[in-house]
Amino acid sequence: MLRILFVCLGNICRSPMAQFVFQKMVADRGLSDYFEIDSAATESYNEINHEGIYFGTREILKAKNIPFEEHYSRQIRLKDYEYFDYIIAMDDGNIEDIQSLTGLDTERKIHRLLDFTANPRNIKDPWYTGNFEECYQDVYEGCEAFLNFLKV
Ligand code: 4NP
């Protein structure tokens, strides 16, 4: 069993998008039983406000036929660092923020999603850019590269 936690700032746009895109890729390969997949935030405000997946992310997941269920934002905590095998961040800032919450990455579990691709870069936050299509393309590219990296 591989435990994967996708992480972004708010856990209502990019990381739930990655969670459900990756979940479908794994299901399409018949590998669902080998994975536990979840997502979390570095900030706490969306958890405090009990926010679910943002409208723009819901709409793009529907448009791309990616199944999803409700997911409520929650902030990453130390037990997540201990529990998950891979903690997959969307940008550099997430990596710094995760370590400020869970401590230094002594077990080298924290990675940036697009670092698994031939073109390492951050995934821009669609909460600010409004571009959910671009975000989806980046998330898809990263999830494919990450799954290939895992060689399952
Ligand atoms: P995410 O985007 O990190 O991709 O979920 C954001 C969503 C909400 C906020 C910031 C980023 N916010 O400030 O509420």
Side-chain angles (χ1 to χ4, degrees), residues 2-27 35-105 108-150:
L2 272 176
R3 296 171 175 146
I4 317 287
L5 185 69
F6 293 99
V7 177
C8 63
L9 178 62
N11 190 213
I12 62 173
C13 296
R14 291 167 296 174
S15 61
M17 194 187 296
Q19 171 185 352
F20 293 112
V21 166
F22 192 71
Q23 192 164 284
K24 178 164 193 305
M25 275 180 196
V26 161
F35 282 91
E36 182 173 336
I37 303 162
D38 197 1
S39 65
T42 56
E43 273 292 352
S44 59
Y45 38 71
N46 288 306
E47 177 174 344
I48 290 163
N49 292 322
H50 198 54
E51 294 288 349
I53 302 168
Y54 184 64
F55 172 79
T57 288
R58 287 178 191 279
E59 289 302 297
I60 199 85
L61 289 173
K62 280 187 212 157
K64 306 294 181 183
N65 288 317
I66 309 287
F68 61 96
E69 61 258 17
E70 189 52 281
H71 171 86
Y72 291 102
S73 179
R74 69 172 185 86
Q75 190 179 33
I76 189 171
R77 54 209 68 190
L78 181 57
K79 72 170 168 43
D80 292 310
Y81 185 81
E82 292 161 355
Y83 183 77
F84 286 92
D85 301 303
Y86 287 92
I87 304 203
I88 307 294
M90 301 297 127
D91 62 38
D92 292 330
N94 302 151
I95 293 184
E96 276 181 38
D97 292 343
I98 292 165
Q99 291 185 90
S100 72
L101 291 161
T102 67
L104 286 179
D105 184 21
R108 294 182 162 272
K109 291 182 173 184
I110 306 174
H111 305 266
R112 190 174 60 161
L113 183 58
L114 291 177
D115 283 347
F116 293 102
T117 73
N119 181 14
R121 62 201 189 277
N122 290 330
I123 296 184
K124 289 183 211 146
D125 195 336
W127 178 261
Y128 299 108
T129 67
N131 194 337
F132 286 84
E133 175 67 34
E134 177 189 48
C135 180
Y136 174 80
Q137 296 299 336
D138 285 350
V139 161
Y140 191 92
E141 180 186 345
C143 285
E144 258 196 335
F146 177 45
L147 191 48
N148 289 336
F149 160 85
L150 291 173

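Ligands are counted one by one from 1 in listed order, and the atoms in each one are counted from 1 as well.
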Which of the atoms of ligand 1 are close to I12, meaning less than 4.0 Å from one of its heavy atoms? 5 (O), 7 (C), 8 (C)
Just say parallel, tilted or perpendicular for the rings of Y54 and W127, cut-offs at 30° and 60°. perpendicular
Which atoms of ligand 1 are found less than 4.0 Å from any heavy atom of L9? 3 (O), 10 (C), 11 (C)
Is the shortest distance from a Lys or Arg side-chain nitrogen in E59 or K62 to a carboxylate oxygen in the other one below 4.0 Å? yes
Donor-acceptor side-chain pairing of Y83 and E36 below 3.5 angstrom: yes
Starting at CZ of R121, measure out to CG of D92 and round the result to the nearest 0.5 Å. 13.0 Å
Indicate, as side chain, backbone, both or neither, the part of N46 found under 4.0 angstrom from ligand 1 when only non-hydrogen atoms are considered. side chain
Report yes or no: does Y128 have a heavy atom closer than 4.0 Å to ligand 1? yes
With a heavy-atom distance limit of 4.0 Å, tell me whether Y45 approaches ligand 1 through its side chain, its backbone, both, or neither. side chain
Does R3 qualify as a cation-pi partner of F35, given the criterion of NZ or CZ under 6.0 Å from the six-membered ring centre and within 45 degrees of its axis? no
Any N/O pair C13/ligand 1 closer than 3.5 Å: yes
Atom 11 (C) of ligand 1: nearest protein contact (heavy atom, Å): D125 OD2, 3.1 Å
Ion pair check, K64 and E133, cut-off under 4.0 Å: yes
Starting from atom 8 (C) of ligand 1, find the nearest protein heavy-atom neighbour and note its residue, name and distance. W127 CD2, 3.4 Å
Identify the closest protein heavy atom to atom 1 (P) of ligand 1: which residue and atom is it, and at what distance? C8 SG, 3.5 Å
N/O donor-acceptor pairs under 3.5 Å from side chains in residues 8-22, not counting sequence neighbours:
residue : atom : partner : partner atom : Å
N11     : OD1  : H71     : NE2          : 2.9
N11     : OD1  : R74     : N            : 3.2
N11     : ND2  : S15     : OG           : 2.9
N11     : ND2  : S39     : OG           : 2.9
N11     : ND2  : H71     : NE2          : 3.4
R14     : NH1  : D91     : OD2          : 2.9
R14     : NH1  : I123    : O            : 2.9
R14     : NH2  : D125    : OD2          : 3.2
Q19     : OE1  : S39     : OG           : 2.6

Residue, atom name and distance, where the atom is the protein heavy atom closest to atom 3 (O) of ligand 1: G10 N, 2.8 Å
